[in-house]
Every structure is written in structure tokens, then in C-alpha cells.
Amino acid sequence: MKILLIGNPNVGKSAVFSRLTGIHVIASNYPGTTVEFTQGIMKIGTEYGDIIDVPGVYGLEAYSKAEDIAVKMLEEGDVVINVVDTTNLERNLHLTLHLLEKNVPLIVCLNLWDEAKHKGISVDIKKMEELLGVPVIPTVAVAGEGIKELVSRIPQARNSEFSELSEEQRWTEVGKIVSRIQSIKHRHHTFLEIIGDASVKPSTGIPIAVLVMFSAFEIIRFIGEGLIGYVFEPLFYKFWQPLVTGLSSLLHSGSFIHSILIGNLINGEIDFVQSFGLLTTGLFMPIAMVLPYIFAFYLVLGFLEDFGYLPRLAVLLDKGMHKMGLHGWSIIPTFLGLGCNVPGIMATRILESRREKLIAAAIISIGVPCSALQAMIFGLLGKFGGWYVGIVYLTLFVSWVILGRVLNFVLKGVSPELIMEIPPYRFPVLYSLLKKLWMRLFFFLKEALPIVFLGVIAVNILYVLKVFDAVANFTAPIVTHLLGLPKEAVIALSVGFLRKDVAMGMLGTLSLTVRQLTVASVVLAMSFPCIATFVVLIKELGVKDTLKSISIMVVSSLAVGGILNLILKN
Amino acid sequence: MITKMSVADMESGETGKVVELLGGAGMQNRLKSLGIRPGAKISKVNSAFNRGPVVLKVGRAQAVLGFGVSYKVFVEVDR
């Protein structure tokens, strides 16, 4: 049996899906979180069914790609669970009627039931079932309420006797139904609504945006630094260092196996940042330098996502983003990109035109450093003072803006206008917030750790084999003259193709001056995408545009690095 | 007096009844799917400053329209 979850954007389909299948998918409080189908298996009675989380659609007219796909999926589905936002019955029921006309067995999941109650909206479920001719189950998916009943009543899903209606007739019909099943108590604006409105008015919205961004940054730094200083560093120095020191003396410094596992001894001792062995830097870097910041970043991002702040930021930035050929909504993929470029680039799918997608994906992979790289920049460059970290961010930001403007000028076409729904502010549910955080951390541990380990091993083997020397000599003119870096830096920069945090870690072993480290950080962030980003770029943009983007990256990183080198020299 | 105007010309806080949508079928459909369709009551939340986007209250939901689109939605406002 194939069960489809269909509904308007941002009604909680992904939350329902997670509850039904136990499979964790990212759910946030803004439309367009799900850009790919997610499929899972659920048990109904003694039977198993395939359940599919379909991206949100407003209608079945096949006006957008998402709607097109939803219509096609509909032909294969055996049962449709229509997830409905109880607080927006009118708009949601329009889709419900449309689904009923298609003659598929349907069951309505009346989600956000608690929010509706809170807003003074009550719905007569009995009457609704009678008028629609299908089962209706109220739920609060994020809290798991009503899910059991929904599952037990899936077998009762049935076709209704609605015949094909025209657009106008459908709206009239919806109006009739809503007036018979819904009653609204008048109430005053809630606190969340008042700050919601204040966040989009320029006079209050801009100060709020500055405050939110500043606090977000400070909280991430506070949590990240705190975890490193009070938890992870003590753990490594107290418990791990004695163990690896013992192992080091067993293996004899300078032997092949010692180079791989322990790395180089710095002044006769293991240095977790510089030794660069698998068991020293290979573990310390991802766990004690990167993970704490990833934790802090995704905690804060998850809160902003679930609270519903990002779409409001999109409203405020819309005008500025138009100069880059984008509209304000592209700030959401950009924010995701600050965590990891891969989900950021995937989220550009919500943008309408191919041109927009190309611009957004290109400037994300060039100007938006992922959290792993940022953590390493903080860890290594931050030691010299916040000023240099600031220079890196400012340079990346300016390059991001300039590049966007240039692409907007060069690429033919117009930037589409923003037409989006703004979700209401919601207090995040702790359970879903933590679950989402865990998923993202787990993704990092599962996907990134093995590559970090592989990278460290590969680097050490190539060092022993002296392969790097040849490469370094070959590129020396560019690296030394243009960027002012030692010729070995090219090796670190090329390791960036594997993982940027490992590359940054390698730069840390070169005893660079602060000026060199600043230039190298910028070049590393801007040049090649890492391999994971590369793969997703090809998937989203195709080979041709990916190669175009990469050539833009190489050229602009060298240009910006060269200019920065000149500026900092004086 | 009932006046017909585009959403861009509404004052912030003002409520009006949608009477006409301009633009291509695709755009009109996206507007309709957000509940912005002839007959619907909408009110303006923010006053777009300096050619910025417009935030509207549509039923109990909110929608944002880019500056250009806001000239394509016509409403009747009782002033």
C-alpha cells in the first residue's frame, strides 16, 4: 500500500511523517522545508505501508514543479493523508476539495489543532466528516497527539462523491463548508502576533534583525567556546593525552606507523592541533574544535527556524537581494549554507528560476563558509584576536555581494518577485528542536568524520612519499607571489577539496604569520567546493554550470586573496 | 468613499477587498493559492519603504509580495 502525505506548505507534513514512521526528517516553521520526497515504512494493523512525504503544494494545477510531481504521485497513491492547517481552513480546504475530486481514498489530518484552539478557532469535526464524506482526525503532530487515531483510521479512508469543480465553484464550495463547520471567538492580538508584525515593519524590523543576528552570533560563540574550554579540551588533555603519549613512545617517533597515527612531535611532545596524526589531530579537530561549534550553530539555527524568524528576515532583505538577482527568500538557503553548503544548495530548489538557482548556489559555495570551516577559523585565527576573524568575514561578505551583483549583470533574465507565505511565530517544541539538532549532528558524525580520518591518513602517506613537494614547487609562483603564502600552503588548500576543516587544520601546522593565515582562510573558503558540495552542485546545476561556478570560484578566490594580501602587507 | 487602488498604494493597517489581479496566469495562480483572490479581504501589515516588499494579512495567514507584484493586486478600500 502506498500512502501519500499531501498538503499546503508549512502545515506540518514532515512532523506527521516523522511521527508515523519514526524516521527523522527535518521539519521547520517555514514553507518549502521539504524539497525532496522522503519515503518510509509504517505499520497499519498487521500490514506494512509505504508512506511518502510529498513537498507542500497549494493546488493540483501543475503550475510549479512541486505541483506537477504531486499530481503524478497521486496516480500511484492508494491512500492520501491530506494534512490540513486548522488555523487556515479556507485555503487548505481548497486543496482538500481538489483532492476529493480526483477520486482517491482520502483521510483528513486536521493538524495544528492546539494552535487553532489557542487562536479561538473551533471546528465541528462531525459536521466536517459529514460534509466532506471522509474521516477527519484532529492532531498536534509535533507533540504526537492524535497520531494513534490517525493510524487506526487509515483503513477507513474513502473516496468522496465530489465531482469535478471549476476554480470559482471550488472556492464557493469551500466558503459554504467553512461557514458551517468553523466558529471563531474574537480575541486580541497575541504577543507573538505583535512581535511578528513588528519584525516586518522597517522601523522596528531592522533593529530587531540586528539584535537577533548579534545575539545569535554571541550565543553560538558562548556555547561553542564554553564546550571547547570546559568540556572537550579538558577531556582530551586529561584522559586522551596520556594514552596517546604512551602509544607514541611505543611506536618510536619517525616510524611510518607513528607518522600516520600520532604524526609529528612538536618540541618532543604531542600537539593536538599540529601533530596531525590520526589519533591526535584527526580526532581532536573534528571532536574538540569543530563539533562544539556545529552543535551551537544548529541549536541556534533550529530555534530561529522553528520560531519562524527567517522568512521575516527574507522580507527585510528582499530589496537588497534583488540587486543580486535574487529575492529575499534566498537568505534561507544562505543561512542553511552557513551550517553546511550541501543542504544550503539543495534548499535553492525553492527558488523559481534556473537563473536564480545558479546565482544562489554559486554565491553560497563561494562566499558562505560552512560551520566546520568557521569553527577552525575561530580556533586558529581567533587566537590572534577577533580583528582578523572579522577581516575574513568582511572579505567573504563583500565578495558574496559583489559576485552576486556581477552574476546578476552578466546572466540574462530578470529576478522574479517574492510571493510567499509568512508562517506565524511559534514557540519551538523542545522535543522537535532537539531531534532536529541530533539529526544534524549525527549527519556530521556519520558523513564528515570518516572523510576527516581518510584525509588525515592520505595527507600523511603523501607526505611520507614526498608527493607534495613536486606539487608545491609547481604552483609556487602563484602561491608565494600572488598570495604571499609559503609554497606548502597549496597542499593544505588542495586538501580543501576533501574537507575544508582538515585543510584549515593543515594550514595550522605551517606556522604562518597572522597575515598569511588570514589570506589563506579567505582563499580556502572561496576556492574549490569540498567534495560533498561538488556532488550536490552537479546534481542541482548540472555539469556545465558546476564547472562554470568552479572557474568563477578559482578566479575570484585568487583575485580576492591577492588583493587582501596587498592590503594587509601595508 | 470606496476607492480602487493597488496594494502598493494602501496605507499600512488599512483593509480592502480584492477586486482584480493583473499579471500572467502563473503569477495570478500563486496569488490565489495564498488566498489573494477577488472577493477576499486583505489588510496591509507593513508600509513598504523604498520599494521594498509588502506584507499582507490574508484571513489569518500572512503573505509577502515583492514590490512589483504589489502593483498588480487591486483592492477596493473604503476611505
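Lettering follows sequence order; numbering is per chain, from 1.
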Does some side-chain heavy atom of A:Glu417 sit less than 4.5 Å from a side-chain heavy atom of B:Lys72? no
Looking only at B:Gly68, B:Pro38, B:Ser33, B:Ser70, most heavy-atom pairs under 4.5 Å shared with chain A are made by B:Ser33
Part of A:Ile121 within contact of chain B (heavy atom distance under 4.5 Å): side chain
Could you tell me which portion of A:Glu421 (side chain, backbone, both or neither) has an atom closer than 4.5 angstrom to a non-hydrogen atom of chain B? both
Taking every non-hydrogen pair under 4.5 Å, which of A:Asn8, A:Leu95, A:Thr87, A:Ile422 racks up the most with chain B? A:Ile422
Between B:Asn46 and A:Val200, is there a donor-acceptor pair closer than 3.5 Å when you use the side chain of the first and the backbone of the second? yes
Structural part of B:Val55 lying under 4.5 Å from a heavy atom of chain A: side chain
Working note: B:Lys32 + A:Glu168, criterion salt bridge (charged side-chain N to carboxylate O under 4.0 Å, His left out); need CA distance, chi angles, decisive distance, verdict. CA-CA 11 Å; B:Lys32 282 181 191 159; A:Glu168 276 316 304; 5.4 Å; no
Toward chain B, the part of A:Leu317 with a non-hydrogen atom under 4.5 Å: neither
Going through the distances and angles, do A:Ile419 and B:Met27 end up as a side-chain contact (heavy atoms from CB on, under 4.5 Å)? CA-CA 9 Å; A:Ile419 306 179; B:Met27 181 185 283; 3.7 Å; yes
Once rounded to the nearest 0.5 Å, what's the spacing between atom CZ of B:Arg51 and atom CG of A:Asp318? 11.5 Å
Does the A:Arg91 side chain pair with the main chain of B:Gly35, one donor and one acceptor, at a distance under 3.5 Å? no
Show, in sequence, the C-alpha distance, side-chain angles and deciding distance for A:Lys319 and B:Phe67, and conclude whether the side-chain contact (heavy atoms from CB on, under 4.5 Å) test is met. CA-CA 9 Å; A:Lys319 205 195 144 220; B:Phe67 182 73; over 6 Å; no
Below 4.5 Å from any heavy atom of chain B, which atoms of A:Glu167 appear? Answer side chain, backbone, both or neither. side chain
Side-chain heavy-atom pair A:Asp197, B:Lys57 within 4.5 angstrom cut-off: no
Rounded at 0.5 Å granularity, tell me how far CD in A:Glu193 sits from CD in B:Gln62. 8.0 Å
Whether over 12 other heavy atoms sit under 6.0 Å from A:Lys119 NZ: yes
